[in-house]
Amino acid sequence: MLASRVFSLIGKRTISTSICLRAHGHAGVVKAEDFSLPAYVDRRDIPLPEVAFVRDLSAQQKALKEKEKASWTALSVDEKVELYRIKFNETYAEMNKGSNEWKTVLGGVLFFLGVTGLILIWQKHYMYGPIPHTFSDEWVASQTKRMLDMRMNPVEGISSQWDFEKNEWKK
Amino acid sequence: MSSALLPKPQMRRLLARRMKFHLFGAFFVSVGCAALYKFGVAEPRKRAYAEFYKNYDPMKDFEAMRRAGVFESAPPK
C-alpha cells in the first residue's frame with residue numbers, strides 16, 4: 001500500500017524501463033522474476049519452507065497429488081515417500097550429514113603454509129642482508145654476563161637460573 | 001518408513017537441556033581455569049618471592065654488583 005503511494009508521489013517514470021517494456025507486451029501484468037518469488041531452502045531452522053521443492057509436477061506426480069486429497073491410509077509407503085520428495089529436497093538426516101570438506105580445507109591451509117615457508121627460505125637466502133652484529137655469540141655472551149652482573153630478574157628470571165657461588169648455570 | 005517405528009525424538013525442553021549443560025560446563029571450566037592459574041602460577045610465584053627475600057642481604061648484593069662494575073656512580077674499590 002505504502003509502496004504504491006510512494007510510486008504515485010515520485011511518478012510512474014521511476015519504474016524500471018525493462019519492466020515497462022514487458023508490461024506493454026503482456027497486457028500490463030509484470031512477469032515476476034524467479035529470484036523475487038518465495039524460494040525453497042534446506043535449512044535446519046526452517047522446517048516448512050515457503051514453497052514445495054518440486055515446482056512443475058509430471059503427470060504421474062499430479063495424479064499422486066490428486067490421490068493425496070483422498071484418505072491417506074490408501075497411500076502406499078513408496079507413494080508417501082514420493083510425496084515427501086516432491087515437497088522436500090533433503091531429509092533432516094541428509095541435511096545435517098557432515099562432509100569431508102574439512103580435510104580439503106586443512107590440506108589447503110597446510111599446503112599454502114608450506115609454500116609460504118619456501119618463500120621465506122628463498123628470501124632469507126637471496127634477499128635479506130646480514131643480521132646485526134649484536135646477535136653474534138660473543139656479543140650475546142657479554143650481554144648475558146652484564147645482565148647477570150646487574151642481577152636482572154633475580155626472583156624468577158635469568159639471574160635466578162645462575163648459581164653465583166659456583167659461577168655456572170643452575171642445574 | 002521402516003516397519004519398526006523409530007523412537008520418538010526429544011521434542012521439548014531442548015533449550016533448557018542445552019542451557020543446563022552449558023551453564024554447568026561454563027561454571028566448571030571457569031573455576032577450573034582459575035584454580036589452575038592459582039596453583040600453577042600465582043602460588044609458585046608467591047613462594048619464589050618469599051624464598052628470595054627470606055635471606056636477602058641487599059648490601060651484599062650491592063657489593064657484588066659494584067665489584068662487577070655495573071655502577072657508574074659507585075666504581076669498584
Side-chain angles (χ1 to χ4, degrees), chain A residues 43-48 64 67-68 71-97 138-171, chain B residues 1-23 25-26 33-77:
Chain A
R43 279 184 61 127
R44 277 155 58 174
D45 50 352
I46 301 178
L48 292 170
L64 187 55
K67 195 173 174 196
E68 194 192 13
S71 168
W72 287 343
T73 52
L75 295 167
S76 75
V77 171
D78 291 321
E79 285 173 333
K80 286 179 194 168
V81 172
E82 176 63 26
L83 282 167
Y84 181 90
R85 290 292 173 184
I86 289 173
K87 202 164 174 111
F88 302 103
N89 179 22
E90 285 185 319
T91 67
Y92 262 74
E94 287 164 7
M95 217 195 291
N96 295 338
K97 190 174 59 175
E138 304 85 35
W139 190 282
V140 171
S142 24
Q143 186 175 283
T144 318
K145 182 172 183 334
R146 191 173 154 78
M147 279 156 64
L148 296 169
D149 283 342
M150 60 169 101
R151 303 297 190 270
M152 216 166 90
N153 272 336
V155 184
E156 280 192 315
I158 189 162
S159 301
S160 70
Q161 306 294 323
W162 179 261
D163 191 340
F164 286 98
E165 274 91 57
K166 291 192 218 140
N167 245 357
E168 60 188 6
W169 292 110
K170 282 184 185 164
K171 298 289 176 291
Chain B
M1 215 188 331
S2 54
S3 49
L5 289 173
L6 293 165
K8 184 171 178 180
Q10 172 81 308
M11 302 289 263
R12 295 172 187 267
R13 302 185 59 88
L14 292 165
L15 178 65
R17 190 180 69 180
R18 179 192 164 85
M19 264 194 100
K20 194 159 66 170
F21 175 80
H22 280 88
L23 277 169
C33 283
L36 234 80
Y37 184 85
K38 183 179 167 74
F39 293 111
V41 177
E43 287 302 316
R45 190 170 285 168
K46 283 194 262 187
R47 254 182 283 124
Y49 273 83
E51 283 300 313
F52 180 79
Y53 283 110
K54 199 158 59 168
N55 305 315
Y56 182 59
D57 183 11
M59 290 318 295
K60 183 168 130 214
D61 222 26
F62 167 72
E63 290 302 328
M65 280 195 258
R66 173 196 244 177
R67 254 177 280 121
V70 291
F71 290 126
E72 280 184 16
S73 47
K77 296 196 194 71

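Note on naming: letters A, B, ... go to the chains in the order of the sequence lines (proteins, then strands), and numbering restarts at 1 for each one.
- Residues passing the salt bridge (charged side-chain N to carboxylate O under 4.0 Å, His left out) test with B:K20, sequence neighbours excluded: none.
- Using a 4.5 Å cut-off on side-chain heavy atoms (C-beta onward), A:Q143 and A:R146 make no contact.
- A 4.5 Å side-chain heavy-atom check between A:K80 and A:W72 finds every atom pair outside the cut-off.
- In the displayed structure, A:K170 atom NZ is contacted under 6.0 Å by more than 12 heavy atoms of other residues, nucleotides or ligands.
- Residues of residues 70-77 of chain B lying within less than 4.5 angstrom of chain A, judged on heavy atoms, are B:V70 in numerical order.
- Residues passing the side chain to side chain contact (heavy atoms under 4.5 Å, CB included) test with B:L15 are B:M19, sequence neighbours excluded.
- Ranked by heavy-atom pairs under 4.5 Å with chain A, the first of B:E51, B:R67, B:M65 is B:M65.
- Using a 4.0 Å cut-off between a side-chain N of Lys or Arg and a carboxylate O of Asp or Glu, B:R66 and B:E63 qualify as a salt bridge.
- Both the backbone and the side chain of B:R45 come within contact range of chain A, each with at least one heavy atom under 4.5 Å from a heavy atom of that chain.
- Residues in residues 87-97 of chain A take part in these salt bridge (Lys or Arg N to Asp or Glu O under 4.0 Å) pairs, two or more places apart or across chains: A:R85-A:E94.
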